[in-house]
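Reading through the structure tokens given below for one structure.
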Amino acid sequence: MSFEKASDEQLVRFALDGDEDAFTTLVRRYQRRLTAFLSQLVGDVELARELSQEAFIRAWSALERFDPKYRFSTWLFRIGHNLGIDHLRRRRLKTVALHRTDREGDEVELVVEDTTKDPLGHFENTELAGSLKGAIEELTAEYRELVLLRHFGCLSYQEIAEFKQMPLGTVKNKLFRAHTVLRKALAAFL
Amino acid sequence: MATTCEAIQELLTEHLGETERLSDEERRHVELCPQCCEVAAGESALGLIFARVLPPADPTVEGRVRSAMKTARRRRRVLALLPVAASLLVALLGAVMLGGLPGGSLLALLPVWSSQGWVSLAASMADWNAVFTTAAGATTALLSPGVLAAAILVSLAGIGVIAIAARRWRQVSPWRDIG
């Protein structure tokens, strides 16, 4: 049986029997999607690659405790999401104020070099990439997360409903509203 | 009509403007309704943008995950053995402190307990309690306070190892934020 055509559930069963190739197939299947989702969450594609790698290792380590009543995709994204949130919490503790007051009492803004790797850096159209990034950032936190799960994580509506523990109808409605905002914000490119 | 439009526009959002995925009736509606037609076109264009958001695959990730899988497997085995080893240590120390393992006659009672049920078990527990009380008294009389304290400390260390292992297990659990 070809692993590439096997379902996630079948691959998990093979992996539980100790088949590392089966799990590697899952890594190949979800790597780009998880990295895309996490890169938007943490704002750095290189960091997102490290976090997704860690998510796969944790998934492998905890595979025996995976509950088959859930989908592998939502479980994996949950692990990745937890890692991303943990990272953001740690990073928040290390922040410094970007506005200081100089000797004359005037407020000066500190210029900080952005060393992060742009998650949409692979876009040829940088103007579109900037607008898309801006439009997503303008969304409310709840809409933004749903958009990231849908279009960067490529999860189905059903998977998102499971991930967010939200009724399917609510997911449909919220994504519809989020898209309405995005269509307006990106009208120049549509 | 507004409800129909909203329902159809929700579907168009879900399918990123692909009208082929709608029913004949819904498709006819889209053709006749300028608002829904505009949403279909907008969603279709949005879909093309979203189709490009995935970053290129990193071929090194697969290899790194694979090598980490082997390490993780070894660590998982050691982690799983820790509570067992700690429990054995505590049980062994307890047995030593009580002057040896329970006698064969007591172990032989096990099948009797299971066949006669909880009442027999309760009676036997009372016997055990008497044995423990006597043994503890004897131990206190025979062992010097220093040795006794050291034995208790080792037992506590065993319990501590169990607690640490259980905590570590909880930390690696991916379901910790659910529920």
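Everything quoted here is computed from the prediction, not taken from an experiment. All heavy atoms count here, side chains included; hydrogens, waters and symmetry mates do not. Proteins get letters first, then strands, A, B, ... in listed order; numbering begins at 1 in each.
In this structure a side-chain-to-backbone donor-acceptor pair under 3.5 Å is missing from Arg183(A) to Gly42(B). No donor-acceptor pair closer than 3.5 Å links the side chain of Arg32(A) to the backbone N or O of Asp58(B).
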With side-chain contact (heavy atoms from CB on, under 4.5 Å) as the test, would you mind laying out the steps for Tyr157(A) and Thr13(B) before giving the verdict? CA-CA 11 Å; Tyr157(A) 277 40; Thr13(B) 302; 3.9 Å; yes
For Asp21(A) and Arg66(B), run side-chain contact (heavy atoms from CB on, under 4.5 Å): C-alpha distance rounded to whole Å, both residues' side-chain angles, the deciding distance at 0.1 Å, then the answer. CA-CA 9 Å; Asp21(A) 288 337; Arg66(B) 249 195 121 94; 2.7 Å; yes
Could you walk me through whether Glu14(B) and Leu175(A) satisfy the side-chain contact (heavy atoms from CB on, under 4.5 Å) test, starting with their C-alpha distance in whole Å, then the side-chain angles of each, then the deciding distance to 0.1 Å, before giving a yes or no? CA-CA 8 Å; Glu14(B) 187 174 353; Leu175(A) 272 169; over 6 Å; no
Yes or no on side-chain contact (heavy atoms from CB on, under 4.5 Å) for Val65(B) and Thr24(A), after CA distance, side-chain angles and deciding distance? CA-CA 8 Å; Val65(B) 170; Thr24(A) 309; over 6 Å; no
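Considering only heavy-atom pairs separated by less than 4.5 Å from chain B, the leading option among Gln31(A), Arg28(A), Lys172(A) is Gln31(A). Your options are Leu128(A), Thr35(A), Thr180(A), and the one with the most heavy-atom pairs under 4.5 Å with chain B is Leu128(A). Counting heavy-atom pairs under 4.5 Å between each of Ala45(B), Pro55(B), Ala68(B), Ala57(B) and chain A puts Pro55(B) at the top.
Note: His179(A) NE2 to Leu12(B) CG = 11.5 Å, rounded to the nearest 0.5 Å. Taken from CH2 in Trp60(A) to NZ in Lys70(B), the straight-line distance is 8.5 Å, to the nearest 0.5 Å. Taking CD of Glu50(A) as the start and CZ of Arg64(B) as the end, the distance is 7.5 Å to the nearest 0.5 Å. Rounded to the nearest 0.5 angstrom, Leu34(A) CG and Leu54(B) CG are separated by 11.0 Å.
A 6.0 Å sphere centred on CD of Glu18(B) holds more than 12 heavy atoms belonging to other residues, nucleotides or ligands. Annotation: Glu9(A), atom CD; neighbour count of heavy atoms from other residues, nucleotides and ligands within 6.0 Å is above 12. Counted within 6.0 Å of CD on Glu127(A), heavy atoms from surrounding residues, nucleotides or ligands total 12 or fewer; the atom is thus considered open.
Taking the side chain as every heavy atom from C-beta outward, Phe176(A) and Glu6(B) approach each other to under 4.5 Å. Looking only at side-chain heavy atoms (C-beta outward), Ile57(A) and Met69(B) stay at 4.5 Å or farther from each other.
Heavy atoms of Pro56(B) lying under 4.5 Å from chain A belong to its backbone as well as its side chain. Of the atoms belonging to Leu11(B), not a single heavy atom falls under 4.5 Å from chain A. With a 4.5 angstrom heavy-atom cutoff, Val147(A) touches chain B only via side-chain atoms. For Gln53(A), the parts lying near chain B are the backbone and the side chain together; criterion is any non-hydrogen pair under 4.5 Å. Of the atoms belonging to Leu76(A), not a single heavy atom falls under 4.5 Å from chain B.
Hydrophobic clustering of Ile, Leu, Val, Met, Phe, Trp and Tyr side chains at less than 4.5 Å, counting indirect connections, unites Leu168(A) with Met166(A). The cluster map of Ile, Leu, Val, Met, Phe, Trp and Tyr, joined by side-chain heavy atoms under 4.5 Å apart, puts Leu155(A) and Leu16(B) in different clusters. There is no path of hydrophobic side-chain contacts, each under 4.5 Å, that joins Leu48(B) to Leu132(A).
Glu10(B) and Asn173(A) are linked by a side-chain donor-acceptor pair at a separation below 3.5 angstrom, with hydrogens and angles left out of the test.
Relative ring orientation between Phe152(A) and Phe50(B) is described as perpendicular, the plane-to-plane angle rising above 60° on a 0-90° scale split at 30° and 60°.
Residues Val53(B) and His151(A) approach most closely at CG2-O, 3.4 Å, considering heavy atoms.
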